[in-house]
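We use all heavy atoms of the structure for the numbers below, so side chains are in, but hydrogens, waters and symmetry mates are not.
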Amino acid sequence: MTRELPKNFISKDYEGKLYSLWEEAGVFTPEVDKKKQPFTIILPLPNANDPMHIGHAMFVIQDILIRFHIMKGDPTLWLPGSDHAGMETQFVFEKQLAKEGKSRFDYDRETLFKMLAEFVEKNRLINKDQLKKLGFALDWSRYHYSMEPEIVEMVLETFRKLHADDLIYRGERVVHFCTKCGTSFSDLEVVYEDREDKLFYLDYGSVTIATTRPETIFADVAVAINPKNLKAKELLSQKAVVPLITKSILIIEDELVDPDFGTGALKITPGHDAVDFEVGTKHGLETLSVINRFGKMINVPEKYLGMKVLAARDAVVSDLKAGGKLVKEEPLRHSVGTCYRCGTVIEPMVFPQWFITTRPLADKAIETVRNGQTAIFPQKRFEKMYFDWMENIKDWNISRQVVWGPRIPAWYCLDCNDSIQVNFLNKNKEAISGLYKDLKDVHPFEEMKSGLQSLFASKESSYQLQDGACSHCRGKNVLQETDTFDTWFLSGQWPVSTLKSNPGDLEYFYPTSILDTLWDILFFWVGRMMMLGIYLTDKVPFKIVHLHARVVDKHGKKMSKSKGNVIDPLLMVNQYGADSLRLALVMGVGPASDVSLSDEKVRGMRNFTTKLWNIGRFIATSDHELGIPESLNDLTEDDEKIINSLNEQIKSVTAGNECFRFGQSSEDLYRFIWHEFADFYIESSKERIKAGDKVVFSVLNHVFSTCLKLLHPFMPFVTEALWQEMYSENGSLLIKEPWPSIKD
RNA sequence: GGGCGCUUAGCUCAGCGGCAGAGCAUUGCAUUCACAUUGCAGGGGUCACAGGUUCAAAUCCUGUAGCGCCCACCA
């Protein structure tokens, strides 16, 4: 059979069709064979509301591994999904609401939740098509969405299990709070930025203190000095006086105070600073709050009441100045915590949140990496990061004051806890806020429940883990916690919950083989999966963590919308084909170093695609009996040489794929195919073809068909297209061909 | 403050004990021939710097500088 191939490979004409061909043949859905060792990867689930960006294209590493293992004959599963991404999604949604002149406060939480669910539903499947465009061999029959009832139920079950094991508690601690987003965060979500601020020296009577936050002086409960500060020892018997309110406070000793900073005396404000809270707790001091969840002043002299923090700071400073209490001010460069999402300065505040006791979970997560049950790659660089984080981990605040996400399954009886603050929209859609005991005579319970926005329950509030009448007083006035789970609490269970939802999968495919992701979510996600995966199953969630490179622009700079240097993967796919983009992201890239991507680079890879196509075209048009030879005989020296070189490729590509050296193996293949096979062997074959040599065809077909197999994981479309044109028998697929081995 | 990484051709980067490499860019020539999305040939490098180990160092060790990243309770 001889075929006339078109001059170029028009990727758009083939990609969609080929993907359907694979899907219809079911090659992405593994056959469970208990005698074989499966190969499993869980896809890092993209956010459901996020269109694809270039980072997602790096999943190509996983696709290479997946296709390689499919061809090796392993039962191979790559499980896709999308994440509801609680905070992220709500942020995007609220921006949209703002455009319509609305805000989250205009709705009760149930309505808001429904709106969010609909919003996500519209976008959720977009990235499914996008992932297909890149050729990813995902098993769509096992696709999961993080807000599926079944998945959510497992997450709630985990919460109950942790609770039963005494690993969940409600703690009243300093939490990182964003007054704009209206929610607290875990330590990881705070982004520290260097800022230029002012350091104010204030006269506290017997002592002068230095602070950047004069507006919080109303919440001061002591002044602390370092015990080594001998000069200040005599102060201990005296009192300090908070200016403006002339409040007398204790002077105490604590080694957390840096004797060299400012005056060596630190004002202690447990309500609005984490260190101060620690000092306060140690010394049994009171915690006062002067800033509320909206970033406005409370519990302060009337003139400052209701002011925003920065306005209050200015007012307080000018009053201090007027009162002669401002000793001096100087500029200070220091780092300030900001909200990773909106950039607002994080307000440390004290109120109760749900925490996980992480120490026992982290200890196991450390142990399993130490004893090699999970290996981190590249080891040298990231294992240390992992251990450092796990060793210093603090309890994990898993509650978010965000609507979009699974609600924490705890219920409060309002009659048993009548000091709970209830925030709701009344019948007339007016916002009502107050303590239950003060409101219950005016507003019926049903009104509160149906218009509910949020609850603030004190640390002492009693709760139960199921809905229904109060187990204590049998009362029916029971409301569920309005906080939702940190998204990472849910995605931290993803390997377990997704596999568990298909009978038999957890037993067979877990622990998964490899988890591949960018290093930026090593702690957010990988660390949490390790802790929760081990907790739930007693087994590690994956045997290898592979951290891949970040995509940067052609000058090595991080891509960002504001810099205008982002590359849209789908545009690249349209213009040059998915294979070209894939190869550009992989070829010549060292392990976990940045990938510098540019239009030129993708175009270069497109040229290689064309080259490959034309090699096929040359062979197909020259050889009238196209086919893969069963054996190779009567070989010339050149034939032997190219076959030996091919065998080297088989060895090195196979080895390279096993140990994640894709940059090397793809580069070797590129060089071999273009500069050895095409430039040298094919050129010299032309004479032999003219002379009627048949042996040369057997070698051409042998080498080329083997190259297609070796190249398939990297460039699935063009290789499958060529296979279909040239070697497929009765529609057989390249991806179902066995991986090449060396025949002697 | 602690830790990590990087520095190799004009650009982006591989290589990580044994003659300094690739892609892009660049220079010259060729080409109705599978492919101009091509071929052949060429120019271009004290492998950041300073020491050390070694028969042999871009590669291993120590230090210095510049850049980048991560962690941390800099009020």
Listed nucleotide nearest any side-chain atom of A:Glu667, set B:rA34, B:rU37, B:rA22: B:rA22
Selection from B:rC70, B:rA34, B:rC73 that lies nearest to any side-chain heavy atom of A:Phe523: B:rC70
Touch class at under 4.0 angstrom, heavy-atom based, for A:Lys267 against every strand present: nothing
Sugar-phosphate, base or nothing in reach of A:Gly588, heavy atoms under 4.0 Å: sugar-phosphate
Nucleotide forming a Watson-Crick or wobble pair with B:rG17, both distances under 3.5 Å: none
Paired nucleotide for B:rU54 [Watson-Crick or G-U wobble; both distances under 3.5 Å]: none
Proximity to the side chain of A:Gln664 - top-ranked nucleotide from B:rC74, B:rU37, B:rA14: B:rA14
Comparing A:Leu256 and A:Trp519 on RNA chain B - which has the more 5′ nearest nucleotide: A:Trp519
Separation of the C1' atoms in B:rA25 and B:rU32, to the nearest angstrom: 29 Å
Nucleotide paired to B:rU38 in any strand shown, Watson-Crick or G-U, under 3.5 Å: B:rA30
Touch class at under 4.0 angstrom, heavy-atom based, for A:Gly556 against every strand present: sugar-phosphate
Minimum-distance nucleotide (side-chain atoms of A:Leu332 versus B:rA75, B:rG15, B:rA22): B:rA75
Salt bridge (Lys or Arg N to Asp or Glu O under 4.0 Å) between A:Arg370 and A:Glu391, worked out: CA-CA 12 Å; A:Arg370 287 222 193 277; A:Glu391 274 155 16; 2.8 Å; yes
Sugar-phosphate, base or nothing in reach of A:Glu683, heavy atoms under 4.0 Å: base
Sugar-phosphate only, base, or nothing, as touched by A:Asp679 at under 4.0 Å among non-hydrogen atoms: sugar-phosphate
Watson-Crick/G-U partner (both atom distances under 3.5 Å) of B:rC69: B:rG3
Earlier contact from the 5' end, RNA chain B, for A:Glu600 and A:Phe618: A:Glu600
Closest listed nucleotide, where the reference is the side chain of A:Lys686 and the choices are B:rC33, B:rC16, B:rC73: B:rC33
Under 4.0 angstrom between A:Lys394 side-chain N/O and B:rC73 OP1 or OP2: yes
Phosphate OP1/OP2 of B:rG23: any A:His675 side-chain N/O under 4.0 Å: yes
Assigned partner base of B:rU12, Watson-Crick or wobble definition, under 3.5 Å: B:rA22
Side-chain N or O of A:Lys611 closer than 4.0 Å to phosphate OP1/OP2 of B:rG39: yes
Side chain of A:Ser335 (C-beta onward), nearest among B:rC35, B:rA75, B:rC74: B:rC74
Below 4.0 Å: OP1/OP2 of B:rU38 and any side-chain N or O of A:Asn614: no
Proximity to the side chain of A:Asn607 - top-ranked nucleotide from B:rU37, B:rA75, B:rC35: B:rU37
A:Lys554 side chain near B:rC11 phosphate (N/O to OP1/OP2, under 4.0 Å): no
Sugar-phosphate, base or nothing in reach of A:Asp594, heavy atoms under 4.0 Å: nothing
Pairing nucleotide - B:rG43, Watson-Crick or G-U, each distance under 3.5 Å: none
Contact under 4.0 Å: A:His555 side-chain N or O vs B:rC11 OP1/OP2: no
